[in-house]
Amino acid sequence: MSRPSLPPPELRPYLEELVRRTSAVCGDRLVSVLAVGSLALGDYRHGRSDVDVTVVVDPALPRADLSALAGTLAHSELPCPAAGLELVVYAADFAARPSGDAGYLLDLNTGPSLPERAAYDPLEGPAFWYVIDRSVAHQAGLPLYGAPARDVIAAPDRPTVLAALRASVREHADGEGHLADNRVLNGCRATVHCRTGHWFAKRRAGEIVAASEPAFAPLVTRALDSFERPRAEAAVLPADEVRAFLVWVAARVEEAAAAAGV
């Protein structure tokens with residue numbers, strides 16, 4: 001499975017400035033800036049996707065510097081051309097060991113389609129998003145600055161990832177705050193990861209599930225078609241079909257978790 005060695009052209013000036021500003025705040029403490037998520041997996045869609053970035057520092061930044069970084073990268077100061085920026089900062093000693101914790105120093109959400117958020121307490125919310133992101137980063141993180149992803153981000157072990165997937169599927173089953181097409185394709189990605197232990201882009205995972213599960217192929221195909229549109233133009237998918245699919249996905253995750261002794 002191929003993935004791009006460079007970010008798409010429409011994002012390069014923004015990412016170059018993001019790295020420059022991050023370096024200006026962090027100085028010689030900056031170890032790596034990595035593109036993760038859809039950028040790393042080769043599935044970025046302009047107008048739909050977020051820009052996901054992981055920053056690793058050594059030693060940990062003090063709160064004042066973290067606040068300064070959040071300020072200089074805020075959409076009001078550095079307009080994000082994507083749907084949003086989701087940036088997470090980790091200390092190098094935390095990132096280098098497998099963990100099921102959130103563990104971040106800063107979790108920043110900003111951009112035209114995201115509510116502004118700068119969080120500094122990793123215990124204030126669920127950890128599963130960060131576990132999955134670090135697992136993706138270890139597999140496919142795209143270096144924008146500094147050391148390669150596999151040198152700085154440890155892969156969480158399989159039981160930890162499966163526990164995170166269980167929580168992720170539960171979150172998407174609730175539906176609040178998530179587009180229906182993303183809920184379906186996130187379920188496809190979880191299913192394929194359970195089968196293979198490998199992270200696939202949501203579109204590719206959807207194609208795999210549509211081909212292997214005829215009962216769900218029409219719903220997944222509609223989700224794939226909707227995923228090509230901007231967020232504001234996403235299709236409304238039948239709620240009962242989405243729920244039934246996610247119940248099926250949850251059962252696949254439970255099977256994999258049982259096999260792994262989780």
Side-chain angles (χ1 to χ4, degrees), residues 7-8 10-40 44 46-96 99 101-138 141-147 149 152-154 164 171 177-178 231:
E10 58 267 33
L11 290 181
R12 289 176 198 166
Y14 172 75
L15 291 173
E16 288 169 1
E17 180 62 13
L18 181 150
V19 169
R20 189 193 70 77
R21 293 184 180 212
T22 301
S23 181
V25 172
C26 298
D28 60 8
R29 294 167 296 187
L30 184 60
V31 175
S32 290
V33 181
L34 306 165
V36 298
S38 61
L39 278 173
Y44 175 81
H46 205 55
R48 159 60 72 126
S49 300
D50 295 322
V51 171
D52 297 288
V53 174
T54 294
V55 175
V56 180
V57 295
D58 187 20
L61 296 176
R63 175 65 176 270
D65 288 346
L66 294 168
S67 296
L69 182 60
T72 195
L73 298 181
H75 183 60
S76 58
E77 298 297 321
L78 178 62
C80 180
L85 169 68
E86 295 186 351
L87 179 137
V88 182
V89 180
Y90 295 108
D93 59 349
F94 174 83
S99 176
D101 297 332
Y104 59 79
L105 300 171
L106 167 66
D107 180 20
L108 174 67
N109 286 357
T110 189
S113 298
L114 288 181
E116 293 288 325
R117 175 179 183 268
Y120 304 92
D121 182 359
L123 300 179
E124 72 176 18
F128 65 86
W129 298 118
Y130 309 95
V131 173
I132 292 171
D133 283 349
R134 291 197 301 272
S135 183
V136 173
H138 179 82
L142 180 64
L144 303 175
Y145 172 93
V152 295
I153 304 288
E171 166 84 9
H178 300 286
R231 293 188 184 192

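Please read all numbers here as calculations on a predicted model, not as lab measurements. The basis for the numbers below is simple: all heavy atoms, side chains too, and nothing from hydrogens, waters or symmetry mates.
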Working to the nearest 0.5 Å, report the span between [atom1] of [X] and [atom2] of [Y].
{"X": "Arg48", "Y": "Ser38", "atom1": "CZ", "atom2": "OG", "result": "11.0 Å"}
{"X": "Asp133", "Y": "Ile153", "atom1": "CG", "atom2": "CD1", "result": "10.0 Å"}
{"X": "Tyr90", "Y": "Leu61", "atom1": "OH", "atom2": "CG", "result": "14.5 Å"}
{"X": "Ser67", "Y": "Leu106", "atom1": "OG", "atom2": "CG", "result": "8.0 Å"}
{"X": "Asp101", "Y": "Arg134", "atom1": "CG", "atom2": "CZ", "result": "7.5 Å"}
{"X": "Asp50", "Y": "Thr110", "atom1": "CG", "atom2": "OG1", "result": "11.0 Å"}

Which atom of [X] lies closest to which atom of [Y], heavy atoms considered:
{"X": "Tyr120", "Y": "Ala118", "answer": "CE1-O, 3.6 Å"}
{"X": "Ala91", "Y": "Leu105", "answer": "N-CD1, 3.6 Å"}
{"X": "His75", "Y": "Pro112", "answer": "CE1-CD, 3.6 Å"}
{"X": "Ala119", "Y": "Glu124", "answer": "CB-OE2, 3.1 Å"}
{"X": "Val131", "Y": "Ser99", "answer": "CG2-O, 4.0 Å"}
{"X": "Tyr44", "Y": "Ser49", "answer": "CD1-CB, 3.4 Å"}

Are the side chain of Ser32 and the backbone N or O of Ala147 linked by a donor-acceptor pair below 3.5 Å? yes
Quick one, Pro115 and Asn109 - any side-chain contact, counting heavy atoms below 4.5 Å? no
Are any non-hydrogen side-chain atoms of Tyr130 and Asp107 less than 4.5 angstrom apart? yes
Contacts of Ala35 meeting side chain to side chain contact (heavy atoms under 4.5 Å, CB included) (sequence neighbours excluded), chain-then-number -> Leu39, Leu142, Leu144
Identify, with sequence neighbours excluded, every residue that meets side chain to side chain contact (heavy atoms under 4.5 Å, CB included) alongside Thr22. Leu18, Cys26, Leu30, Val33, Val55, Leu69, Leu73
Name all residues meeting the salt bridge (Lys or Arg N to Asp or Glu O under 4.0 Å) criterion together with Arg29; count only those two or more places apart in sequence or in a different chain, and write none if there are none. Asp65
Taking 4.0 angstrom as the limit, do Arg20 and Glu16 come out as a salt bridge? no
Check this for me: Asp28, atom CG, are more than 12 non-hydrogen atoms of other residues, nucleotides or ligands nearer than 6.0 Å? no
